[in-house]
Peer 1: 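Here it is, the structure in full.
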Amino acid sequence: MRVTETLISTLREVPAEADIVSHQLLLRSGMLRKVAAGIYTILPLGHRVLLKIEAIIREEMNRAGGIELLMPIIQPAELWQQSGRWDVYGPELFRLKDRHERSFCLGPTHEELFTELVRQEIRSYRQLPLMLYQIQNKYRDERRPRFGLLRGREFIMKDLYSFDIDENGLDASYRKMYAAYNRIFTRCGLDFRVVEADPGAIGGSDTHEFMVMADTGEAEIVFCSACDYAADVEKAPCLVESQTGPRPRPEGTRRRILSSASRTRPGLKECGVQDRAESPDAVEAVLCPVDEARLQPLQRVRTPGTRTVREVAEYLGIPAEQVLKILMYVTDDVPVAVLVRGDRSLNEIKLKNYLQTNVLEIADEEDVAGRFGLPQGFAGPVGLGGRVRLLADNEIKNLSNMVAGANEPDFHYRNVNYGRDYQVEDFADFRLAQEGDICPKCGQPLQLKRGIEIGQLFKLGTKYSKAMGANVLDENGREIPVVMGCYGIGVTRTLAAAVEQWHDQDGIIWPPSIAPYEAVIIPVGQHDSLQADLADDFCRQLTDSGIDSIYDDRSERTGVKFKDADLIGYPVRIVINKDTVTEGLVEIKWRASGAVERIPKDTAAAYLRHKLARD
RNA sequence: CAGGGUGUAGCUCAGCUUGGUAGAGCGCUUGCUUGGGGUGCAAGAGGUCGUGGGUUCAAGUCCCGCCACUCUGACCA
């Protein structure tokens, strides 16, 4: 391929519409153009990347036993009414009517259609298991499309649905997909992690998310430096550390398994509580006696104008972790106040799950004064009386001689202690995991990184098959609902995530397996027909030996071509000049490492094939 | 959906405060020049100033409505 024969238009300046790196670079490198908010044209260069990602996905889906088909984008409302989601889905669903006033929607996902297909076509357990998939456009009328391809209103997704006769079959399908996803993202050259996730609105039990690690990612994940544990920061359980920080269980201490109900033990402190979300009964605690003698007498101090934890801590000259932070929330029911350590953040999802409430909003100043009758910035647990439900993070029980608001303007208490000075309704895990916390699996410190979700596995069970009557006869002739799983990959999102992860200040650095072209050939003297012909021949030679190559035949200055090559991110740049022509060499520069090497022209194809074929 | 910002040439933006016949850089076209990191010179093409209304002798500029784009938040893959 020659550059002048295709459409490659690069931009020198950053378009004003783009805010994040992948969006900027995809626009600048001529891979993407905006048509409307969250809706894009993928230009030839970007399309080649897309096709390569899709090819990898297809190969691995087929290898795992997936069967490809193609469903329509437009779906009848009827099916969505049967599953119950027509009313639940909300304004995010693109809805439309035909000329006969019949209702349709643009599919944001395809559970209904796949379930309907299986209901019609599958009668017997002998036809199962079955894994069907498609690569198709999806539509979600996002409230706020942003980040270019990462959150568009139209996007491409691979979705596979598995159909089994029982849970064991589902487990087997799930494992196949889990393995396939690992292969796919590895082959795409991405640095990714698998995290345990929250099932969310789709419903179901087990679920894993595949996250590409990138500093600009929307999701924060914690992962262990020592073992393979990883979780969304919003889901990660927090262990309680002793005040001296995490430590291994001391030799000879009693180790007890406590049920969550008996976690509170008078006269005892817990240091190192382990509370895995997936096994709530396996709470493991190291018990050590409270040192009653260390408790100091309660003291009321004037702290004018100190409304935030930081202000109080600075005013009193103490660390933030010595302060009790109290957060007040408005819920479906009565207002709730929650205590966390001053330097911690509250995890609203944990609180919401605990309270089983639909509404959960942090109280503003008006609410704090009105519903709680408390001074904003000076509220505290002491003397709160039963005015509100008071909950506390597990860690709070461990803390002694804390500073807390005195419930009157410009005053705080020193030496506040749980039990002696205040009571709480319950302790639970309410805090947001942070860097340095202990891994719930192995006890080593956790690291925090940002990620972009590009794939998710769900066990749906019989949610849709029951709702829509997708049944089969089992070997006893009984009618049973099929057991389903669904497995998605955001294809366009993967493309953007790859750029988000692999770029530098000059442009994109494509992993070779998904690069639009693996090599670009640039003759320094485009006007020199010897060099130009040689570049043309060499491009053909590389292409013939299976290396996707493009010859930059524009009559531009070499510097322009170099800049464009870096911006577009071809993994290999091959330069031809007067010297290399006479010596029979070519100059190879690797985009990722910047390494330059000169090798004989005739062996270059084989050499590159070898070096590029690392997947 | 709430709150902010921006809409002027293909792109990035100035001009608006203080109303008076539309600007720059880049890109594009042509010629010369240059030829290993966005070369230099010259000549050109290109704009209903988002849109509708109002004020005014006169509106890109002032006022009001609408639309689009964008940022923060909530929501979400």
Side-chain angles (χ1 to χ4, degrees), chain A residues 9-20 23-24 27-28 30 33-39 88-93 107-110 138-159 197-202 207-212 217-219 232 234 348-349 352 358-362 364 451-458 486-494 496-497 505-507 522-528 531-532 552 554-567 573-580 587 589 594 596:
Chain A
S9 45
T10 56
L11 305 173
R12 190 183 285 199
E13 288 179 277
V14 180
E17 75 194 55
D19 199 50
I20 62 161
H23 194 190
Q24 291 175 349
L27 289 168
R28 285 190 56 211
R33 289 292 182 266
K34 186 177 70 179
V35 173
I39 297 174
V88 177
Y89 218 94
E92 205 171 87
L93 188 65
T109 171
H110 282 71
K138 308 281 183 191
Y139 296 82
R140 293 187 193 172
D141 195 0
E142 282 289 331
R143 284 176 188 186
R144 177 139 96 91
R146 52 181 144 173
F147 309 137
L149 285 186
L150 287 176
R151 183 173 298 281
R153 292 194 288 176
E154 176 184 75
F155 54 99
I156 300 172
M157 212 168 133
K158 184 284 306 179
D159 49 335
D198 189 64
I202 292 192
T207 170
H208 287 89
E209 285 175 352
F210 284 72
M211 315 279 292
V212 168
E218 288 186 271
D232 192 305
E234 294 185 327
E348 293 191 359
I349 291 180
K352 200 168 180 180
N358 290 319
V359 176
L360 185 70
E361 282 167 20
I362 189 129
D364 57 24
I452 299 163
E453 186 196 329
I454 50 172
Q456 188 157 15
L457 313 178
F458 289 104
C486 91
Y487 316 85
I489 293 178
V491 182
T492 34
R493 195 174 230 215
T494 300
Q505 56 191 8
D506 293 321
I522 299 174
V524 167
Q526 183 64 51
H527 57 287
D528 174 354
Q531 286 183 43
D552 193 343
R554 292 175 297 170
S555 59
E556 286 285 355
R557 290 175 59 87
T558 313
V560 174
K561 297 185 184 182
F562 286 174
K563 286 287 185 190
D564 273 350
D566 286 348
L567 178 60
R573 187 188 84 187
I574 294 160
V575 175
I576 286 167
N577 65 21
K578 252 184 279 178
D579 295 341
T580 61
E587 175 187 294
K589 182 172 183 184
V596 179

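These numbers come from a predicted model, not from an experiment. Convention: sequence-line order gives letters A, B, ...; per-chain numbering from 1.
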Peer 1: Paired with B:rU6: which nucleotide, if any, by Watson-Crick or G-U wobble criteria at under 3.5 Å for both distances?
Peer 2: B:rA68
Peer 1: It should be established whether A:R557 places a side-chain nitrogen or oxygen under 4.0 Å from OP1 or OP2 of nucleotide B:rU39.
Peer 2: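 Affirmative; the distance criterion is met.
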Peer 1: Under 4.0 Å between any heavy atoms, over every strand shown, what does A:G38 touch: base, sugar-phosphate, or nothing? Just pick one.
Peer 2: nothing
Peer 1: May I ask you to verify whether the side chain of A:E13 and the base of B:rG25 hold a donor-acceptor pair under 3.5 Å?
Peer 2: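 Between B:rG25 and A:E13, which were checked side chain against base, a qualifying N/O pair under 3.5 Å is present.
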Peer 1: If you look at every strand shown and take non-hydrogen atoms under 4.0 Å, does A:D19 touch a base, only sugar-phosphate, or nothing?
Peer 2: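 Contact class for A:D19: sugar-phosphate only.
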Peer 1: Quick one, A:R28 and A:P15 - any side-chain contact, counting heavy atoms below 4.5 Å?
Peer 2: yes
Peer 1: So, A:F562 and B:rG38: ring centres less than 5.5 Å apart, planes less than 30° off, yes or no?
Peer 2: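 Here the ring of A:F562 and the base of B:rG38 are not stacked, as the 5.5 Å and 30° limits are not both satisfied.
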Peer 1: Any base atoms under 4.0 Å from A:E587, or only sugar-phosphate, or nothing? Heavy atoms, all strands.
Peer 2: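 A:E587: base contact, heavy atoms under 4.0 Å.
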Peer 1: Look through every strand shown and name the nucleotide pairing with B:rU56 as Watson-Crick or G-U wobble, where both distances are under 3.5 Å.
Peer 2: none
Peer 1: Within the structure shown, what part of the strands sits under 4.0 Å from A:V575 by heavy-atom distance: base, sugar-phosphate, or nothing?
Peer 2: base
Peer 1: Has A:R140 got a side-chain N or O lying under 4.0 Å from the OP1 or OP2 atom of B:rC75?
Peer 2: no
Peer 1: Return the pairing partner of B:rC32 with a 3.5 Å limit on both distances, Watson-Crick or G-U wobble; otherwise return none.
Peer 2: B:rG40
Peer 1: Go ahead and name the base partner of B:rC13; Watson-Crick or wobble counts if both distances stay under 3.5 Å, otherwise write none.
Peer 2: B:rG23
Peer 1: What is the nucleic acid contact for A:K561, judged by heavy atoms within less than 4.0 Å: base, sugar-phosphate only, or nothing?
Peer 2: nothing
Peer 1: Is there, by distance only and without an angle test, a donor paired with an acceptor across the side chain of A:R144 and the base of B:rU72 below 3.5 Å?
Peer 2: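 Side chain to base: pair present.
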Peer 1: Please determine whether a side-chain nitrogen or oxygen atom of A:R12 lies at a distance below 4.0 Å from atom OP1 or OP2 of B:rG27.
Peer 2: yes
Peer 1: Reckon A:E142 touches a base, only the sugar-phosphate, or nothing at all at heavy-atom distances under 4.0 Å?
Peer 2: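 Base: the residue A:E142, judged by heavy atoms under 4.0 Å, touches a nucleobase.
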